[in-house]
S.K.: 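Just dropping this structure here.
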There are 2 protein chains.
Amino acid sequence: MSVNRKKLIIEAATKSFSLFGYKATTMDQVAKIANVGKGTIYTFYANKEELFKEIVDNMIVEMEQEADDAINPELTFTENLHLTLYRLLEFRREHQLMIKLFQEEQEIRTPAVLEMVEEIENAIISFIAQKIKIAIQKKYIKDCDPELTAFLLLKMYITLIVDWERIRKPLNKEEIAELFDLYLFKGLSL
Amino acid sequence: MSVNRKKLIIEAATKSFSLFGYKATTMDQVAKIANVGKGTIYTFYANKEELFKEIVDNMIVEMEQEADDAINPELTFTENLHLTLYRLLEFRREHQLMIKLFQEEQEIRTPAVLEMVEEIENAIISFIAQKIKIAIQKKYIKDCDPELTAFLLLKMYITLIVDWERIRKPLNKEEIAELFDLYLFKGLSL
DNA sequence: TTGATGACTGGATTTCTCATTCGGTCAGTT
DNA sequence: AACTGACCGAATGAGAAATCCAGTCATCAA
């Protein structure tokens, strides 16, 4: 083959979805950026949604890698969990495609986007649940439902970082780590 | 006076807002149900929004009374907190006006409704924060920011009852009480 | 004279119509 | 056989016209 057309398409689509979101990206546009006939895209992907899924799945892999990189074996489980969650939320906050996706989820509610956002949430929860499962096995924490715990941890994290900021003063990284430790690990009881 | 027109208006407005929501309730409709001229409403309330606020504020008072009724002095603080939060969320789930409000908040996003929903949330948080503050004074729980804690407790409760149900099997009252106790009071650490 | 009223107004919203856009196909080209 | 882009029609958007409704105020009844 002369050039890797599939790669060109993926790059073009990533660029376009990140820049304009799902709805505002047209297949003509992707074809043009990729220097490829529109029909060629359909030899690799059945439809726009499948192309989108490929791009999002790539991003999820990238995100999980970043989260893994945040882990430092020198630190305790709690500290690492904090770092991981923080990195995941940072990724959500900084990554162009994520930003566009959440915007589109809120404002336009494109069904394909709602679906993908759900997939991203599930990927995050599975990722955390995996870490929790290991922590239970290694007796770092009490026995509990890993999925439910992961779900709760994430929600609590989002509450501390995003929701609380919306109504009161934002918290810095250290304060969040402290609160996280207080509420979920030490517990409120004396 | 022959009849208490203000009372008639409040009753009519409560009925209409509960049945049709804010947007779909017309001042003509309220006037008709109350058997009152439309202009009369404007002698008591400056505009539709003020009338709405009166109705919502009445509901908040009712809700707080119900939550207080749920408290049983024989039980521990944790158990009572659980009962209170549970009752608050039950009220939210059962009360016709609440249901309509949350629906309208999600689907139509009427600004006046968004504002009122926020006021309701704030009322709930203040209510819980008050209980927390007392619990700290009486040394039932660790020292912590009462507002932030109330906020987190409520969010966590909603997560356990509403959000988790959406993606997995719903939890019953006892399971919630148990999880609530595990996560927030005992903590995950061994 | 005063509290009550409902016809009236105009800005906002909805509905209808027509024009445009874009996902997906396929006949033709290389 | 791989690739292309003109073409199709369903979906969406823009614009105009019709309708709705919050809020006013001239009028009325007591």
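Fair warning: this is a prediction, and the values are worked out from it, not measured in the lab.
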S.K.: With clusters built from Ile, Leu, Val, Met, Phe, Trp and Tyr whose side-chain heavy atoms come within less than 4.5 Å, directly or transitively, what are the remaining members of the cluster of A:Ile33, listed by chain and number?
M.R.: none
S.K.: Where does the chain A footprint on DNA chain C start and end, counting 5' to 3' with a 4.0 Å heavy-atom cut-off?
M.R.: C:dC22 to C:dT25
S.K.: Starting from A:Val61 and following side-chain heavy-atom contacts under 4.5 Å between hydrophobic residues (I, L, V, M, F, W, Y), which residues can be reached?
M.R.: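 Via sub-4.5 Å side-chain contacts, A:Val61 links to none.
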S.K.: Test of understanding: with salt bridge (Lys or Arg N to Asp or Glu O under 4.0 Å), list the residues that count as partners of A:Asp69, not counting sequence neighbours.
M.R.: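 None.
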S.K.: My understanding is that only residues two or more places apart in sequence, or in another chain, count here; which of them pass ring-ring contact (aromatic ring centres under 6.0 Å, His included) with B:Phe52?
M.R.: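 ring-ring contact (aromatic ring centres under 6.0 Å, His included) check on B:Phe52 returns B:Phe17, B:Tyr22.
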S.K.: Could you list the cluster mates of B:Leu83? Members are the ILVMFWY residues connected by side-chain heavy atoms closer than 4.5 Å, either directly or through other members.
M.R.: B:Leu75
S.K.: Mark yes or no: B:Lys131 above the aromatic ring of B:Phe127, with NZ or CZ under 6.0 Å from the six-membered ring centre and no more than 45 degrees from the axis.
M.R.: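 So B:Lys131 does make the cation-pi contact.
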S.K.: How would you list, by chain and number, every residue that makes a ring-ring contact (aromatic ring centres under 6.0 Å, His included) with B:Tyr157, sequence neighbours excluded?
M.R.: B:His82, B:Phe180
S.K.: Between A:Thr40 and D:dC3, does any side-chain N or O lie under 4.0 Å from OP1 or OP2?
M.R.: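 The answer is no; no side-chain N or O of A:Thr40 sits under 4.0 Å from OP1 or OP2.
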S.K.: What is the per-nucleotide protein-contact pattern of nucleotides 21-30 of chain D, from the 5' end, where B denotes a base atom under 4.0 Å from a protein heavy atom, S denotes such proximity for sugar-phosphate atoms only, and - denotes neither?
M.R.: SBBB------
S.K.: Which residues satisfy the side chain to side chain donor-acceptor pair (under 3.5 Å) test with A:Ser16, sequence neighbours excluded?
M.R.: A:Thr25
S.K.: Residues of residues 104-115 of chain B with any non-hydrogen atom less than 4.0 angstrom from an atom of DNA chain D: list those, numerically ordered, please.
M.R.: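 Residues of residues 104-115 of chain B that come under 4.0 Å of DNA chain D do not exist, since none gets that close.
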S.K.: Can a donor-acceptor pair be found, under 3.5 Å and without considering hydrogens, that links the side chain of B:Glu11 to the backbone of B:Leu8?
M.R.: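 No, B:Glu11 side chain to B:Leu8 backbone: no donor-acceptor pair under 3.5 Å.
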S.K.: Just report the end-to-end axis angle for the helix from C:dT1-D:dA30 to C:dT30-D:dA1, five pairs per end, to 10 degrees.
M.R.: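 It comes to 10° between the two terminal axes.
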S.K.: For A:Phe20, what are the other residues in its hydrophobic cluster, where any two members join if their side-chain heavy atoms are less than 4.5 angstrom apart?
M.R.: A:Leu19
S.K.: Side-chain contact, heavy-atom cut-off 4.5 Å: A:Ile128 with A:Leu85?
M.R.: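 Side chain of A:Ile128 against side chain of A:Leu85, heavy atoms only: contact under 4.5 Å found.
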S.K.: Going by distance alone, is a donor N or O of one side chain under 3.5 Å from an acceptor N or O of the other, for B:Thr149 and A:Tyr183?
M.R.: yes
